[in-house]
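For reference, the structure discussed in these notes is given below.
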Number of protein chains: 2
Amino acid sequence: MRHTYRDVEQCATKVALDLISGKWKPIIFFHLSSGAIRFTELWRAIPRVSKKVLLEQLRQLENAGLVERTVHNNFPPEVTYQLTPKGAALAPILHRLDQWAMMYVQGVVQIS
Amino acid sequence: MRHTYRDVEQCATKVALDLISGKWKPIIFFHLSSGAIRFTELWRAIPRVSKKVLLEQLRQLENAGLVERTVHNNFPPEVTYQLTPKGAALAPILHRLDQWAMMYVQGVVQIS
DNA sequence: CCGAATCCTAAGCGATACTG
DNA sequence: CAGTATCGCTTAGGATTCGG
């Protein structure tokens with residue numbers, strides 16, 4: 001007997017994927033896993049993304065509780081972003097996805 | 001020294017996420033992990049998706065080599081879908097995402 | 001039963017210019 | 001340096017209809 005979802009959002013996998021699905025979120029995650037980083041530094045590390053969009057993605061991760069935004073009262077302005085514990089808990093899982101993808105592109109996926 | 005991606009698509013995590021990001025793909029994955037299933041059976045198990053969209057998602061998974069489509073020469077027509085080994089190799093990773101998401105929605109994410 | 005064709009809408013993303 | 005505002009494009013997804 002197969003299970004039936006009444007609502008799409010009841011699928012936990014989808015919940016997780018929605019949180020990290022965004023054109024630049026995986027890359028943001030990648031960079032933040034090295035530690036806190038300033039906005040402009042992150043922006044320069046990711047070519048071809050507009051500041052507006054990068055900020056949108058960061059806001060979404062922040063609202064999801066995966067990223068924390070810290071304002072340092074300096075001049076010139078300094079704002080850093082870093083992973084929260086929730087976000088960091090995701091890192092090892094994303095790392096496994098990473099490994100899978102590397103094997104995937106080589107067409108040699110066998111046992112995980 | 002931080003790494004810089006020249007192209008977004010070089011991010012392996014993004015490659016993987018792109019393959020499984022789609023409104024219904026996680027749910028399709030969930031159902032197919034129970035074994036092969038007929039199209040209409042799958043369609044009925046996922047309420048509120050049009051056949052067109054469900055077919056699109058299946059095609060994409062098929063083109064990605066994660067799902068296999070089998071035509072049985074019966075009448076009435078019978079077509080079943082099932083995970084390929086590549087697709088099945090993804091299952092345990094998705095399962096961990098699942099566990100993370102369940103803790104996430106409870107706000108109690110600690111150590112993975 | 002399975003799938004293709006058409007039309008439509010909402011959302012994501014991008015380019016650009018501007019501000020404290 | 002960090003962020004906002006506006007505009008326009010492209011695409012994913014959905015409703016519906018038709019066909020083998």
Side-chain angles (χ1 to χ4, degrees), chain A residues 2 5-9 11 13-15 17-29 31-32 36-64 67-82, chain B residues 2 5-9 11 14-15 17-29 31-32 36-64 66-82:
Chain A
R2 286 178 186 274
Y5 287 109
R6 296 195 139 272
D7 188 347
V8 198
E9 311 302 335
C11 178
T13 310
K14 181 161 178 13
V15 170
L17 289 178
D18 282 351
L19 293 174
I20 55 182
S21 289
K23 181 160 182 184
W24 306 96
K25 287 188 192 145
I27 300 178
I28 291 173
F29 238 91
H31 285 291
L32 293 203
I37 184 171
R38 294 183 67 155
F39 176 75
T40 301
E41 193 183 355
L42 179 61
W43 186 49
R44 272 194 291 258
I46 308 179
R48 286 191 279 280
V49 60
S50 71
K51 283 192 292 183
K52 175 208 159 201
V53 172
L54 182 56
L55 276 166
E56 279 174 1
Q57 307 265 310
L58 284 169
R59 289 282 173 275
Q60 291 167 15
L61 290 173
E62 192 187 351
N63 293 336
V67 162
E68 189 186 0
R69 177 175 173 271
T70 308
V71 180
H72 308 268
N73 286 321
N74 299 344
F75 192 87
E78 178 178 359
V79 178
T80 57
Y81 292 88
Q82 58 190 310
Chain B
R2 286 179 186 273
Y5 287 109
R6 295 196 141 271
D7 188 347
V8 197
E9 310 302 336
C11 178
K14 181 162 179 9
V15 170
L17 289 177
D18 283 350
L19 293 174
I20 55 181
S21 289
K23 182 159 182 184
W24 307 96
K25 289 189 192 143
I27 300 180
I28 291 173
F29 238 92
H31 285 291
L32 293 202
I37 183 172
R38 296 183 65 153
F39 177 76
T40 301
E41 193 183 354
L42 179 61
W43 186 51
R44 272 194 290 259
I46 308 178
R48 287 192 277 282
V49 62
S50 71
K51 282 193 291 184
K52 175 210 160 201
V53 172
L54 183 56
L55 276 167
E56 280 175 359
Q57 306 266 309
L58 284 169
R59 289 283 173 275
Q60 291 167 14
L61 290 173
E62 192 187 352
N63 292 336
L66 303 181
V67 162
E68 189 186 359
R69 177 174 173 272
T70 309
V71 180
H72 307 268
N73 286 320
N74 299 343
F75 192 89
E78 177 177 1
V79 178
T80 59
Y81 293 88
Q82 60 190 309

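Numbered from 1 within each chain, the chains take letters A, B, ... in sequence-line order. The structure displayed is predicted, hence computed values, not measured ones.
The main-chain N or O of A:Arg38 is never found under 3.5 Å from a side-chain atom of A:Trp43 such that the two would form a donor-acceptor pair.
In this structure, B:Arg59 atom CZ and C:dA5 atom P are separated by 11 Å, rounded to whole Å. Spacing between atom CD1 of A:Ile27 and atom C1' of C:dC13 amounts to 14 Å, rounded to whole angstrom units. As a whole-Å value, the separation of A:Leu55 CG from C:dG12 P is 16 Å. C:dC1 atom C1' lies 14 Å from atom CG of B:Asn73, rounded to whole Å. Atom CG in A:Leu61 sits about 14 Å away from atom P in C:dG12, given to the nearest Å. Distance A:Glu78 CD to D:dA2 P: 7 Å, rounded to the nearest Å. Rounded to an integer number of Å, the gap from CG of B:Leu54 to P of D:dA12 is 16 Å. If you take CG of B:Leu42 and P of C:dC1, they are 14 Å apart, rounded to a whole angstrom.
For D:dG13, the OP1/OP2 oxygens have no side-chain nitrogen or oxygen of B:Arg48 closer than 4.0 Å. Using a 4.0 Å cut-off, some side-chain N or O of B:Arg69 falls inside it from OP1 or OP2 of C:dG3. A close approach under 4.0 Å does occur between a side-chain nitrogen or oxygen of A:Tyr81 and OP1 or OP2 of D:dG3.
Heavy atoms of A:Gln57 sit under 4.0 angstrom from primed sugar atoms or phosphate atoms, though from no base atom.
Heavy-atom minimum distance, B:Leu54 versus B:Ile46: CD1-CD1, 4.4 Å. Taking both residues in full, the closest heavy atoms of A:Leu32 and A:Tyr81 are given as CD2-O, 3.8 Å, listed atom of the first, atom of the second, then distance.
Among C:dC13, D:dG3, D:dG13, the nucleotide with an atom closest to any side-chain atom of A:Val53 is C:dC13. Considering only side-chain atoms of B:Phe39, the nucleotide from D:dA15, D:dG3, C:dG3 that sits closest is C:dG3. Out of C:dG3, C:dC1, D:dG13, the shortest distance to the side chain of B:Glu56 is found at D:dG13. Side-chain atoms of A:Lys23 lie closest to C:dG14 of the nucleotides D:dG3, D:dA2, C:dG14. For A:Ser50, the listed nucleotide lying nearest its side chain is C:dT16; candidates were C:dT16, D:dT4, D:dA15. Listed nucleotides D:dA2, D:dT4, D:dG14 differ in distance to A:Thr40; the shortest reach to its side chain belongs to D:dA2. Of the candidate nucleotides D:dA15, C:dA15, C:dG3, C:dA15 has the atom nearest to the side chain of A:Lys52. Minimum atom distance to the side chain of A:Lys51 is reached by D:dA2, of the listed D:dA15, C:dT16, D:dA2. Side-chain proximity of A:Arg38 to D:dG14, C:dC13, D:dC1: nearest is D:dC1.
With respect to A:Glu62 and A:Arg59, a salt bridge is recorded, a charged nitrogen being found less than 4.0 Å from a carboxylate O.
B:Leu42 has its side chain within reach of B:Leu58: a pair of non-hydrogen atoms, C-beta onward, lies under 4.5 Å apart. Annotation: side chain of B:Lys25 is not in contact with side chain of A:Lys14 (no heavy-atom distance under 4.5 Å).
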